Trainee: 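Encoded as structure tokens, here's the structure I'll be asking about.
All heavy atoms count here, side chains included; hydrogens, waters and symmetry mates do not. Just so it is clear, the structure is predicted and the values come from calculations on it, not from any experiment.
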Amino acid sequence: MPPATRAKVIGNLPIEPTSFVGRRPELAEAKRLLSVARLVTLTGIGGVGKTRLALRVAEDSRRAFEDGVWLVEFGELQDEALVPDTVATALGLREHPAHPPLVLLTEYLATRTLLLVLDNCEHLIDAVAKLTDSLLRSCPDLRILATSREPLVIGGEAVLRVPALTVPDATPTPQALAGSEAVTLFVERAAAALPGFALTEENLEAVAQICRQLDGLPLPIELAAVRLRAMTAEQILDRLTDRYRLLTTGNRGAPTRLQSLQMSIDWSHELCTETEQVLWRRLSVFAGSFGLDAAEGVCAGGMVDPRDLLDVLASLVDKSILIREEAGAAVRYRMLETLREYGREKLHEADEFDDLLRRNRDWYEGLVLGARSEWIGPRQPDLMVRIAREQPNLREAMQFSATEPGGADHALRIAIALFPFWLSRGLLSEGRYWLDRALGLPGEVPTAHRIKALCADCLLTSNQGDIAAGTAQAEEALQLADDLGDPGTRALVMHAAGYLAAFSGDLPRAVACLEEALEVFRTQGNPIRQISTLLGLAVAYGLLDDAARAIEYQEQALAISEATGEFVYRAYAVCALGLALWKTDPQRADGLLEKGLRLSREADDMLATAMCVEAKAWTAIVTDRARRAALLFGAARTMWQRVGSPGAVVPKLESYHEECERRTRRALGEQAFESAFRSGERWTAQETIAFALGEDLGEENPQPAGAATALTPRELQVAELVAQGLTNKAIAAKLVIAQRTAQGHVEHVLAKLGFNSRTQIAAWVVERQSG
């Protein structure tokens, strides 16, 4: 991606925000508050449009945040303990082996000018408030925009209540109707539902009354508008009026807007057929989006004939109960949280709640067990994508298992099956959370399941550097395995104990444990365990300076991986072999590392990608391509930061890094190195991989023809002040910004233009102005 457009897409906001109607005063006020307060919370009842307003504010504010605008959605999260992990995941960060998510977040955000949008905080209010307070105290250039049904109540918070859309009065004029936000929204949604719909003299009064009686709330207005496919506006108004009176009689103590929202959902429910109502309440069991296969497996039966389920789903989409989403080659469905909560109440009323949760748990347990059995194979990337999409539902399944009497074994089986996914995606803390929780549940479970869970937990724990906890888990697993007397189970323990020993520095024990495990795994013919053990032995022998044995085991792991068609372990094996050869055979190593990059990109494995990019920087300087090495060093720095790693997995790799960086600095000179390093540091993962693979060599010369357009308006302003001879301190005072911010702008200008000094910036400005 060329530098001229990169700044426009930093972050993870939707590329095309949800359509936005009205809200001009609220939009202006939210922007004003965000300019003076570091935390702004948009409050209001469900369905009032808080999220849409937040997304519009964030979209309009992108240019003010050089490190991007990032959306964190909490609507599908139920566990407060996972709030920091969810924020880290949204930012693209992976766990640091030795740091908890809060520390990782603080270190990452401390030097960035960035806006976080925290959406749907109300059910996690304490955890979100605690995290927000901590981050704002430690990260001076961070700002947060939150949406919640109640304020976070922490120091410095600015609260903006989001009101309903404006509605016409009882006797509206055509001009008043045209200026009503609620009517505008109704007409927009009505035209989408019924092409050709327009306000006429016959329907304008009914439309105005619908908007008034729905109190200007966007959600019920949209649900009403879609009914025009089957009813006239007058018929909608008649049904709406009757239903509103009934609800008011039944719940006089509720706020008017809550009555209106409840009424609109009740009314929408009444318009559904009985079969649609049954499926609606059953589909509310899903925590996030879901596929047709999940709906068939969990919700079919009784009144919902499996043969008719797809048609009923489509009808619920038409009636705006479900949202249809494209997910690659498949379609998934999602229910608004307010409608999901309503459906769950109906599940309780029908006495189906526990039964549906159990069916949901059993179906997702089957899904992950099947995925685990196919993990080593050509479908691995597709399985990883599917499991990533199903994370909210899998958490719901584990949560139910953790609270259901006798559910411990189900919780353990799901967590064990998810272990390779958590490890490959770097979700170490989340994996430990669920494994620890499952292991702590009361109830009888098969000893073999407990041992497998302890071993998985030990491996995650070891990767995070918690040697004490890993040792306790390995000792318990070993005791249970010895009591069981099964060689295969003991081999699992030896595998985990071997990695634990390697991480703790006891390399002879690591080799002994892994060799014992490998002998059993080879007898069993289990490819995933063989590959993992071989890679562990390769690392251990490499640390013992036995390069020949290390390469031998790496090649064995690679052969098994290639034969099975899997991606994750093959990427690690190829990368490890490249690391072993980078000094003695850099050309061969470079080819292996490129192969590893393609595999890690296919598997979306950022850790393996970072390892390959780092090693390619070494091969670049060894083959006298100093500028390329500096660019890759900068890109690797960002990737290591995103995966939560310092980059030095073992001391010897750290010494290699230091050796190559010193050599690159000497070859380029300090200023040229820093300029190239900063350019690479700003690349996205996709840009980095493309450059490393030779798919995009434009950054070898980082000053494109349109260099002026590569700078943001603020950077152009800073460049002109540099040309006037102002220091960073003087620029900060002139622009009323922090000195560190001014320094960052100057560094960005230097990097984007490929310059090494302020004098070059001044000359460029003069040439630009004279030209």
Side-chain angles (χ1 to χ4, degrees), residues 18-23 44-52 162-170 172 176-200 202-248 251 254-273 276-277 280 315-324 335-343:
T18 305
S19 59
F20 192 76
V21 173
R23 302 290 197 197
I45 66 171
V48 78
K50 301 184 294 295
T51 298
R52 287 183 182 175
V162 180
L165 299 172
T166 60
V167 298
D169 58 29
L177 277 176
S180 166
E181 296 171 340
V183 171
T184 301
L185 178 63
F186 183 93
V187 172
E188 178 184 291
R189 297 297 187 268
L194 187 68
F197 176 85
L199 281 178
T200 64
E202 290 75 23
N203 66 25
L204 62 84
E205 179 60 28
V207 170
Q209 288 194 46
I210 289 170
C211 292
R212 281 200 306 274
Q213 292 194 30
L214 292 179
D215 228 16
L217 292 169
L219 175 59
I221 287 172
E222 293 182 355
L223 291 172
V226 78
R227 304 305 174 203
L228 287 168
R229 294 174 179 169
M231 307 169 69
T232 65
E234 291 75 14
Q235 288 175 314
I236 292 173
L237 179 61
D238 289 340
R239 294 291 299 272
L240 183 62
T241 303
D242 291 341
R243 197 59 184 155
Y244 177 79
R245 289 173 180 169
L246 176 63
L247 183 65
T248 301
N251 189 14
T256 300
R257 287 188 176 88
L258 287 180
Q259 291 177 20
S260 298
L261 182 58
Q262 181 68 50
M263 174 275 299
S264 67
I265 301 174
D266 276 338
W267 165 71
S268 185
H269 187 261
E270 290 289 338
L271 290 178
C272 291
T273 67
E276 291 167 355
Q277 291 175 355
W280 177 351
S315 181
L316 291 175
V317 171
D318 288 341
K319 294 180 176 180
S320 296
I321 307 305
L322 292 177
I323 299 170
R324 178 185 181 277
M335 190 179 293
L336 293 174
E337 185 62 24
T338 303
L339 300 180
R340 176 174 175 260
E341 291 175 1
Y342 181 90

Trainee: Assess whether side-chain contact (heavy atoms from CB on, under 4.5 Å) is satisfied between R189 and V226, documenting all intermediate values.
Mentor: CA-CA 7 Å; R189 297 297 187 268; V226 78; over 6 Å; no

Trainee: Which heavy atom of L214 sits nearest a heavy atom of A224, and at what distance?
Mentor: CD1-CB, 3.9 Å

Trainee: Tell me every residue that passes side chain to side chain donor-acceptor pair (under 3.5 Å) with R23, counting only those two or more places apart in sequence or in another chain.
Mentor: none

Trainee: Taking atom CD of E205 and atom CG of L199, what is their separation to the nearest 0.5 Å?
Mentor: 11.5 Å

Trainee: Looking at H269 and Q277, what are the two nearest heavy atoms and their distance?
Mentor: O-NE2, 2.7 Å

Trainee: Do L316 and M335 have side-chain heavy atoms sitting under 4.5 Å apart?
Mentor: no

Trainee: Measure the CG-CG distance between L217 and L223 for me, rounded to the nearest 0.5 Å.
Mentor: 11.0 Å

Trainee: Give me the ring orientation class for Y342 and W280: parallel if the planes are under 30° apart, tilted from 30 to 60°, perpendicular past 60°.
Mentor: tilted

Trainee: Any donor and acceptor pair, going by atom type alone, linking the side chain of R227 with main-chain N or O of K319 inside 3.5 Å?
Mentor: yes

Trainee: If you measure from CG on L219 to CG on L339, what distance do you get to the nearest 0.5 Å?
Mentor: 5.5 Å

Trainee: What residues form a side chain to side chain donor-acceptor pair (under 3.5 Å) with R324, not counting sequence neighbours?
Mentor: E326

Trainee: What are the two closest heavy atoms between P168 and A208, and how far apart are they?
Mentor: CG-CB, 3.7 Å

Trainee: Measuring from E276:CD to I321:CD1, what's the distance to the nearest 0.5 Å?
Mentor: 9.0 Å

Trainee: What residue among V207, N203, I236 forms side-chain contact (heavy atoms from CB on, under 4.5 Å) with L228?
Mentor: I236

Trainee: Under the 3.5 angstrom rule, does the side chain of S180 hit a backbone N or O of T166 as a donor-acceptor pair?
Mentor: yes

Trainee: Looking only at heavy atoms, which two atoms of A182 and V167 are closest? And how far apart?
Mentor: CB-CG1, 3.8 Å

Trainee: Is the shortest distance from a Lys or Arg side-chain nitrogen in R52 or E181 to a carboxylate oxygen in the other one below 4.0 Å?
Mentor: no

Trainee: To the nearest 0.5 angstrom, please state how far the SG atom of C211 sits from the CG atom of L165.
Mentor: 8.5 Å

